[in-house]
Novice: 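For reference, the structure I am asking about is given below.
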Amino acid sequence: MGSLMQSKIEESQWQAVLDNEIWDIPRATDKIRPELWLSYVNLPSEVKKCFAFCGIFPKDSLIEVDMLVQFWIAYGFIPSQTGIDIEVEGHEIFSELISRSLLQDVNIHAAGTHLYISVNNRYEWPGVRLCKMHDLIHDLAQFVTGDGCSTLPKKNEFKKISKRARHFILKDDDAEYYMGDRPINGRTALSVQRGFIGLSKLKLLRVLELGYGANVDELSTSIQYLQHLRYLNLSSTKIRELPESICMLVNLQTLNLNGCDLLTKLPMSIVYMNSLRHLHLSDCPKLKIMPSGLSRLRCLKTLTKYIVSEKAGNKIGELKHWNLDGELGLYDLHKVKNVDEAKEANMSSRQRINSLSLSWGASVENAEQVLEALKPHAALKVLSLLDYPGTQFSTWIRDGHQLQNLVKIFLHNCQGCEQLPPLEQLPCLEELTIRRMDGIKYIINNTTGDALSLFPALRTLHLYEMANLEGWCVEEDRETAPPMFPCLAELVIIRCPKLTTMPPQIPTLKGLFITESYCRTQIALVSKEKGVFKHLNSLKQLSLTRCEELALLLEDKEETRPLSSSIRDLCINDCSQFSLSVALRNLTSLERLWMYHFEELVSWPDELLRDSESLRCSIFMFLQEFDRCIITRRLWSTVSRAS
């Protein structure tokens with residue numbers, strides 16, 4: 001209501017709203033509040049259509065914004081204006097719905113409700129924006145839509161639905177849906193499973209989305225009869241290849257194959273689908289080659305995976321034919337012959353690419369020069385380097401000023417590099433993942449700059465299989481060094497055996513997850529003053545897997561003093577020397593304890609048997625092989641009594 005009134009500056013305009021007869025008109029079953037109805041009535045006509053369409057999603061859904069805009073485009077809700085990209089117009093309509101509070105932006109880390117998105121685990125991927133609709137607003141959208149949307153929880157429900165129904169959500173995975181002889185004017189079919197029969201009869205279908213993980217391994221050639229189809233989502237299915245007849249879908253704008261991990265090739269005929277604007281191919285590891293002549297698709301705006309070839313028609317220079325935006329992954333960069341070829345991609349001018357992944361498949365001498373030539377635009381937010389064979393990173397990566405807008409970095413298997421670039425200087429970096437870089441000994445190599453803090457915005461740090469990582473900073477003991485990780489909330493350390501310390505003073509750390517790291521000889525080097533856990537005052541979750549030495553530190557009362565009032569969840573996996581009674585005595589705020597692979601545990605601690613009131617947390621025990629365990633009746637009865 002506030003959004004509606006903010007543009008009305010005359011008292012007479014306010015009075016006109018107050019006198020509007022809409023306040024006196026009863027709405028269906030009194031569910032629609034008049035101020036909400038008034039908000040809808042005052043929307044521009046094209047915005048009304050887009051808003052009403054949102055009513056097809058179930059309540060409490062989190063909706064991927066890009067997918068929603070593509071749905072609107074598929075239905076022709078967005079008027080095309082000369083010189084303006086239709087996706088831009090779609091996002092402007094979305095922004096207007098946000099400004100009027102008819103849709104709400106969602107924090108991607110708070111995605112705990114039903115996630116209605118178009119790709120596999122997409123909420124974990126960079127650059128994804130989600131939205132939701134309040135229950136009262138959803139009632140309004142469904143009231144406007146009427147019986148145009150139908151959810152089918154049982155088989156044979158097509159016989160009962162309204163003739164006006166245009167949008168179907170098929171919820172029962174096991175039901176064999178069929179339409180019989182009744183004509184259905186469906187425009188949308190969502191969550192379609194393998195059992196859906198007669199899909200080709202939906203001649204007017206514009207949006208077809210298979211259910212997440214649908215047990216579908218091939219696409220029927222009858223798909224060619226869906227001539228009006230604009231949006232086809234086959235993500236996370238078991239499809240190995242698409243029929244060549246798919247080229248008959250001359251109006252198809254979006255083809256989503258994300259997460260199809262068995263997909264081996266694309267149909268050669270795809271190059272004739274001239275309406276195609278979005279081709280999603282992320283997380284398709286078996287897809288090793290692109291159809292020749294893909295550059296014929298001059299309308300293409302999204303191409304999440306492009307596999308470089310040495311053959312004409314599939315070289316990296318083909319990118320010059322597209323004005324791509326969003327996510328772009330370039331694979332097999334070892335096949336780029338020279339720097340001039342790489343420069344043809346013109347990456348530095350691609351301002352609308354917000355996520356860039358660069359991957360090599362073999363070691364080549366020109367890797368460093370090719371990486372230099374692929375310098376992206378400064379607006380880039382996400383950067384991934386995979387299997388990079390060079391010995392040092394390019395100047396545009398080492399120069400902190402070039403990547404000021406980076407939010408997420410992923411470095412994987414860059415084995416030739418012995419130093420990380422100065423990532424600690426990036427002001428917006430929130431997520432950093434480093435995997436399999438055996439040449440790296442320290443995360444930070446130089447602290448002589450004038451920075452007030454190192455990694456000032458970093459919230460998540462994941463370190464995997466860093467065989468020679470010894471510490472966090474070369475000058476870790478220097479008193480004048482600026483503080484590290486002032487915002488870090490999650491730290492994951494997996495198979496980093498040579499680490500000896502934790503970063504000093506991480507006041508914001510909430511979750512710490514360590515696997516096969518900090519071996520016995522390294523723990524012995526940790527001074528009593530520094531400790532491992534003793535400076536983690538805000539830690540709420542701690543997980544230790546095959547870390548005997550760290551688990552034993554939990555028995556040290558001085559070491560665990562900061563944890564005693566903060567930690568809520570503790571997971572101990574395969575640490576046979578872990579003392580349950582001592583840990584529970586030290587960690588007084590513990591609410592949940594997970595214990596995995598404690599085959600030698602035969603009885604409950606005596607002190608807890610004597611006083612079950614001292615057990616204040618829920619304990620979940622997972623024993624790998626029950627036949628090797630001697631679990632007494634007394635133990636389990638005590639667990640039941642105490643819990």
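If you're wondering where the values come from, they're calculated on a predicted model, not measured in any experiment.
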Novice: Below 4.5 Å, heavy atoms only, C-beta onward: do Lys315 and Lys337 meet side chain to side chain?
Specialist: no
Novice: Hey, does Ser564 have a side-chain heavy atom less than 4.5 Å from the side chain of Thr588?
Specialist: yes
Novice: So, taking the atom named CD in Glu548 and the one named CZ in Arg546, what distance separates them when rounded to the nearest 0.5 Å?
Specialist: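 If we round to the nearest 0.5 Å, Glu548:CD and Arg546:CZ are 11.0 Å apart.
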Novice: Say you draw a straight line from CH2 of Trp396 to CG of Leu374; how long is it, rounded to the nearest 0.5 Å?
Specialist: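 So the CH2 of Trp396 and the CG of Leu374 are separated by 7.5 Å.
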Novice: Please determine whether side chain to side chain contact (heavy atoms under 4.5 Å, CB included) holds for the pair Leu103 and Phe94, giving the CA-CA distance in whole Å, both sets of side-chain angles, and the decisive distance to 0.1 Å.
Specialist: CA-CA 8 Å; Leu103 288 176; Phe94 172 79; 3.8 Å; yes
Novice: Which is it for Met290 and Leu281 under the side chain to side chain contact (heavy atoms under 4.5 Å, CB included) test, yes or no, and what are the steps along the way?
Specialist: CA-CA 11 Å; Met290 308 296 284; Leu281 298 169; 4.0 Å; yes
Novice: Please tell me if the side chains of Ile440 and Met466 come closer than 4.5 Å, counting only heavy atoms from C-beta onward.
Specialist: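 Counting from C-beta outward, Ile440 and Met466 do come under 4.5 Å.
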Novice: Taking Ser543 for the side chain and Phe513 for the main chain, is one N or O donor matched with an acceptor at less than 3.5 Å?
Specialist: no
Novice: With a 3.5 Å distance limit and no angle check, can you tell me whether Thr304 reaches the backbone of Glu327 through a side-chain donor-acceptor pair?
Specialist: no
Novice: Would you say the side-chain atoms of Ser357 pair up with the backbone N or O of Gly329, donor to acceptor, closer than 3.5 Å?
Specialist: no
Novice: So Ser235 and His280, do their side chains get closer than 4.5 Å, heavy atoms only?
Specialist: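 No, their side chains stay 4.5 Å or more apart.
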Novice: Does Arg495 come within less than 4.0 Å of Glu516, counting only side-chain N to carboxylate O?
Specialist: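 Here Arg495 pairs with Glu516 in a salt bridge, since their nearest N and O are under 4.0 Å apart.
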Novice: Using every non-hydrogen atom in the two residues, find where Thr560 and Leu553 come nearest and quote the distance to one decimal.
Specialist: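 That closest heavy-atom pairing would be CG2-O, 3.8 Å.
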Novice: Can you tell me how far CG of Leu287 sits from CG of Asp261, rounded to the nearest 0.5 angstrom?
Specialist: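 Here the interatomic distance stands at 12.0 Å.
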Novice: For the pair Glu368 (side chain) and Thr391 (backbone), establish whether a donor and an acceptor sit closer than 3.5 Å, ignoring hydrogens and angles.
Specialist: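 Looks like yes, one N/O pair under 3.5 Å.
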Novice: Leu536 and Leu509: which non-hydrogen atoms are nearest, and at how many Å?
Specialist: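 Smallest interatomic distance, heavy atoms only, reads CD2-CD2, 4.0 Å.
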Novice: Looking at CG of Leu380 and CD of Gln402, how far apart are the two atoms once the value is rounded to the nearest 0.5 Å?
Specialist: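 Taking CG in Leu380 and CD in Gln402, the distance rounds to 9.0 Å.
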Novice: Of Asp387, Val308, Leu333, which meets side-chain contact (heavy atoms from CB on, under 4.5 Å) against Ser359?
Specialist: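 That would be Asp387; it is the only one of Asp387, Val308, Leu333 passing the side-chain contact (heavy atoms from CB on, under 4.5 Å) with Ser359.
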Novice: Are any side-chain N or O atoms of Asp283 and backbone N or O atoms of Asn258, one a donor and one an acceptor, separated by less than 3.5 Å?
Specialist: no
Novice: Does this structure show an ion pair linking Glu430 with Arg459, if we count only N-O contacts that are shorter than 4.0 Å?
Specialist: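 No, no charged N to carboxylate O under 4.0 Å.
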Novice: Can you list the steps and then say if Asn346 with Lys320 is a side chain to side chain contact (heavy atoms under 4.5 Å, CB included)?
Specialist: CA-CA 7 Å; Asn346 200 18; Lys320 65 187 177 185; 5.8 Å; no
Novice: Evaluate Asp105 against Arg129 for salt bridge (charged side-chain N to carboxylate O under 4.0 Å, His left out), listing each step before the verdict.
Specialist: CA-CA 8 Å; Asp105 261 319; Arg129 187 180 181 186; 2.7 Å; yes
Novice: Of the non-hydrogen atoms in Phe533 and Pro562, which two are nearest, and what is the gap between them?
Specialist: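 For Phe533 and Pro562, the tightest heavy-atom pair comes out as O-CG, 4.2 Å.
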Novice: Are any of the side-chain heavy atoms of Ile353 and Leu324 separated by less than 4.5 Å?
Specialist: yes
Novice: Determine yes or no for a side-chain-to-main-chain donor-acceptor pair under 3.5 angstrom, with Arg350 supplying the side chain and Ala345 the backbone.
Specialist: yes
Novice: Verify, without hydrogens or angle tests, whether Tyr596 (side chain) and Cys575 (backbone) share a donor-acceptor contact under 3.5 angstrom.
Specialist: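 Side chain of Tyr596 to backbone of Cys575, a donor-acceptor pair under 3.5 Å: no, none is there.
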Novice: Is there a side-chain contact between Arg352 and Val88 in this structure, where contact means two heavy atoms from C-beta onward sitting under 4.5 Å apart?
Specialist: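 Yes - at least one pair of side-chain heavy atoms lies under 4.5 Å apart.
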Novice: One pair to check against side-chain hydrogen bond (donor to acceptor under 3.5 Å, both in side chains): Arg568 and Ser589. What are the steps and the verdict?
Specialist: CA-CA 6 Å; Arg568 300 291 184 267; Ser589 62; 3.3 Å; yes
Novice: Find out whether Leu554 and Asn586 are in side-chain contact, i.e. whether some heavy atom of one side chain is under 4.5 Å from a heavy atom of the other.
Specialist: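 A side-chain contact under 4.5 Å is absent here.
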Novice: Determine, for Tyr464 and Arg435, whether the Lys NZ or Arg CZ falls below 6.0 Å from the six-membered ring centre while staying within 45 degrees of the axis.
Specialist: yes
Novice: Short question: side chain of Thr545, backbone of Asn573 - any donor-acceptor pair under 3.5 Å?
Specialist: no
Novice: Is it true that atom NZ of Lys441 has more than 12 heavy atoms of other residues, nucleotides or ligands lying nearer than 6.0 Å?
Specialist: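 Count not over threshold, so no.
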Novice: Decide yes or no on side-chain hydrogen bond (donor to acceptor under 3.5 Å, both in side chains) for His278 and Thr302, but give the supporting numbers first.
Specialist: CA-CA 4 Å; His278 307 282; Thr302 302; 2.7 Å; yes
Novice: Identify the heavy atoms of Met133 and Cys54 that sit nearest to each other, and give their distance.
Specialist: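 Met133 and Cys54 have their closest heavy atoms at CE-CB, 3.3 Å.
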Novice: Does His334 reach the main-chain N or O of Trp360 with its side chain, forming a donor-acceptor pair under 3.5 Å?
Specialist: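 It does not hold such a pair.
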Novice: Would the number of heavy atoms belonging to other residues, nucleotides or ligands and lying under 6.0 Å from CD of Gln351 be above 12?
Specialist: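 Open: at most 12 neighbouring heavy atoms sit under 6.0 Å from CD of Gln351.
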Novice: Give, for atom CG of Leu68 and atom CG of Leu130, the distance between the pair rounded to the nearest 0.5 Å.
Specialist: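 Reported to 0.5 Å precision, the distance equals 11.5 Å.
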Novice: Checking the side chain of Thr237 only, and the main-chain atoms of Leu234 only, is there a donor and an acceptor separated by less than 3.5 Å?
Specialist: yes
Novice: Can you give me the closest heavy-atom contact between Glu465 and Cys496, atom names plus distance?
Specialist: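 Glu465 and Cys496 have their closest heavy atoms at N-SG, 4.5 Å.
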Novice: With heavy-atom distances below 4.5 Å as the criterion, would you say the side chains of Glu87 and Asp325 are in contact?
Specialist: no
Novice: Would you sort out whether Leu420 and Met437 count as a side chain to side chain contact (heavy atoms under 4.5 Å, CB included), showing the intermediate values?
Specialist: CA-CA 10 Å; Leu420 291 173; Met437 293 184 63; 3.9 Å; yes
Novice: What class does the angle between the rings of Phe485 and Trp472 fall in, given that below 30° is parallel, 30 to 60° is tilted and above 60° is perpendicular?
Specialist: perpendicular
Novice: Can you confirm whether more than 12 heavy atoms, excluding those of Glu418, are under 6.0 Å from its CD atom?
Specialist: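 Open.
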Novice: Heavy atoms only: give me the nearest Glu558-Arg561 pair and the separation to one decimal.
Specialist: OE1-NH2, 3.1 Å
Novice: Can you see whether Gln415 engages Asn413 through a side-chain donor-acceptor pair at a distance of less than 3.5 angstrom?
Specialist: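 Side-chain D/A pair, Gln415 to Asn413: present.
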Novice: Could you state the interatomic distance from OG1 (Thr460) to CD (Glu490), rounded to the nearest 0.5 Å?
Specialist: 5.0 Å
